[in-house]
Amino acid sequence: MSLAANRTPPLAGHPVFTDLPETVFESMSRLARQHGAINLGQGFPDGQGPDDVRAAAARALESVSNQYPPMMGLPSLRTAIAAHYRRHQGLDLDPEREVMVTSGATEALAGALMALVRPGDEVVLFEPMYDAYLPLVRRAGGVPRFVTLKPPHFRIEDAALAAVFSERTRLVLLNNPLNPSATVFGADDLGLLAAFCRRFEAIAICDEVWEHVIFDGRRHLPLMALPGMRERTVKIGSAGKIFSLTGWKVGFVMAAEPLMRVLSRAHQFLTFTTPPNLQEAVAYGLGKDDAYFEGMRADLARSRDRLAAGLSRIGFTVLPSAGTYFLTVDLTGLADDDVAFCERIASEHGVAAIPVSAFYAQGSVRNIARFCFAKADDTLDAAVERLAGLFRAA
Ligand code: PMP
Ligand code: GLN
């Protein structure tokens, strides 16, 4: 064997991934493990998810085929998805032509960007943005144009859209409800965005994985339902969030047929398909009655209120949370840098959180930390107790 055969091939210069740090969720979870910290960083519930949905998956593992399901998803699941969105959001989707099952929302996002971005196309991104978005846009050859949403309201403004949209705009990628700010875009914000998409003939990818996790009687408005958006929106959902089973990685994509044809070409070479027993169980779960969805929201809202009250009591400035598993705190006056703050509370106080600056590509916000409240009461109380030390020391 030649010496060259043993040498690591040159890796520098890869356009996107070489210089990318490890995802903040993985680093913070590792830090939590190292320090025995309570992990309120990465967003996952500590419960088991609904028993009947897990039982449906276990049964299906024994009773349905474990060979490749159809590339677009099991027909039972695609029918259930269309019925679910008709019932909950009034959408009219053709399960055969306009619905596809993916391995999590992450695959759906990657596939949509690979399929729809042409090298040099401009893609409008809203900061704070989920950390996967920017590397995927860049890898697809897109040129990001940022709209920066600022705490505490994180609203979309006309002037900000006017500054980034042009005839080069191909795509807009929005997350609603928005992780990590825990805000929900309503008819005003979405109407504004829809008007720009129509005017510049842009396609919108709307990551709506948190659509069911919204509180205080709010209703989710899918971007696809706005005038002129039905034919130009790719809607993305995730069973992981709907059933508090984040490890399942069953996602869905909904789009008009001409878009779906292209999206399916990316999916067939990314994962091709998703485990059939999980698909079968999700098909069952999507048909659950309103009491399940209301109960899930009520439980999470109670946890949100418990953590918010605890953090406020010890001295944090807690920002409102309208949805998701998260609430955020304003660190102004407490720390200059959210990353250093999160490292410090994990290592010295035994609680892990996520620095929200990880969701801002341009470094414009560094004073916000995100906590996940989808945890048992005892866990939340213990975290607050530990964090109280921060203020005693100050
Ligand atoms: N988008 C957003 C905004 C998320 O918060 C998450 C995960 N929490 C995902 C996508 C990924 O979803 P999945 O686990 O289904 O891939
Ligand atoms: N979406 C989850 C969060 O925001 C994390 C997902 C992941 O770890 N990739 O915490």
Side-chain angles (χ1 to χ4, degrees), residues 20-33 39-46 49 73 77 81 100-113 125-137 149 154 173-185 205-214 220 222-223 234-254 267 270-271 274-275 278-279 281-282 285-286 300 321-328 342 352-360 368-375:
L20 207 59
E22 179 182 64
T23 155
V24 67
F25 306 115
E26 191 68 18
S27 333
M28 283 297 162
S29 285
R30 179 162 356 81
L31 204 61
R33 282 192 297 275
N39 191 355
L40 304 188
Q42 192 177 30
F44 60 91
D46 59 0
L77 178 52
I81 291 168
M100 180 169 76
V101 179
T102 56
S103 291
T106 307
E107 189 222 310
L109 284 160
L113 292 167
L125 294 168
F126 296 83
E127 312 181 88
M129 68 199 149
Y130 188 56
D131 70 342
Y133 291 1
L134 183 57
L136 291 173
V137 165
L149 308 175
F154 300 94
L173 173 47
L174 184 74
N175 173 216
N176 184 35
L178 182 58
N179 172 15
S181 61
T183 49
V184 174
F185 297 116
I205 300 178
C206 203
D207 174 349
E208 301 184 1
V209 300
W210 299 102
E211 60 201 344
H212 276 295
V213 191
I214 61 176
H220 175 73
L223 183 61
V234 176
K235 172 177 165 66
I236 294 179
S238 172
K241 306 299 184 291
I242 300 179
F243 301 111
S244 307
L245 295 164
T246 60
W248 273 23
K249 303 298 278 191
V250 179
F252 352 110
V253 187
M254 283 63 61
H267 166 68
L270 275 171
T271 61
T274 299
L278 300 184
Q279 292 198 46
V282 171
L286 289 174
L300 284 165
S321 160
T324 74
Y325 295 157
F326 312 114
L327 61 75
T328 53
C342 289
I354 297 289
V356 164
S357 59
F359 296 73
Y360 281 89
I368 307 280
R370 189 196 82 175
F371 291 93
C372 173
F373 52 71
K375 308 289 175 190

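One-based numbering, in listed order, for ligands and for the atoms of each. Both backbone and side-chain heavy atoms feed into the values below; hydrogens, waters and symmetry mates do not.
- The option with the heavy atom closest to atom 15 (O) of ligand 1, from among S103, S238, G247, is S238.
- Close contacts between ligand 1 and N175 involve ligand atoms 3 (C) [criterion: under 4.0 Å to a heavy atom].
- At a heavy-atom distance under 4.0 Å, only side-chain atoms of N179, from C-beta outward, approach ligand 2.
- Ranking the protein heavy atoms by distance from atom 8 (O) of ligand 2 puts Q42 NE2, 2.7 Å first.
- Comparing F44, F25, Y133, Y130 by heavy-atom distance to atom 6 (C) of ligand 1, the nearest is Y130.
- The option from F359, Y325, F25 that lies nearest to atom 3 (C) of ligand 2, judged by heavy atoms, is F25.
- Close approach to K249 involves these atoms of ligand 1, each under 4.0 Å from a residue heavy atom: 13 (P), 14 (O), 16 (O).
- Looking at atom 6 (C) of ligand 2, its nearest protein heavy atom turns out to be Y130 OH, 3.3 Å.
- If you look at M28 next to ligand 2, there are no close heavy atoms at all, none under 4.0 Å.
- Residue-ligand proximity, W210 to ligand 1, at heavy-atom distances under 4.0 Å covers atoms 3 (C), 4 (C), 5 (O), 8 (N).
- For ligand 1, the atoms sitting less than 4.0 Å from at least one non-hydrogen atom of K241 are 6 (C), 7 (C), 8 (N), 12 (O), 14 (O), numbered in the order shown with element in parentheses.
- Protein heavy atom at the shortest distance from atom 2 (C) of ligand 2 is G43 N, 4.0 Å.
- Atom 5 (O) of ligand 1 has N179 ND2, 2.8 Å as its closest protein atom, hydrogens excluded (heavy atom only).
- The closest approach between a heavy atom of E26 and any atom of ligand 2 is not below 4.0 Å.
- For the ligand labelled ligand 1, residue W248 lies outside the 4.0 Å heavy-atom shell.
- Using 4.0 Å as the threshold, F44 has no heavy atom nearer than that to any atom of ligand 2.
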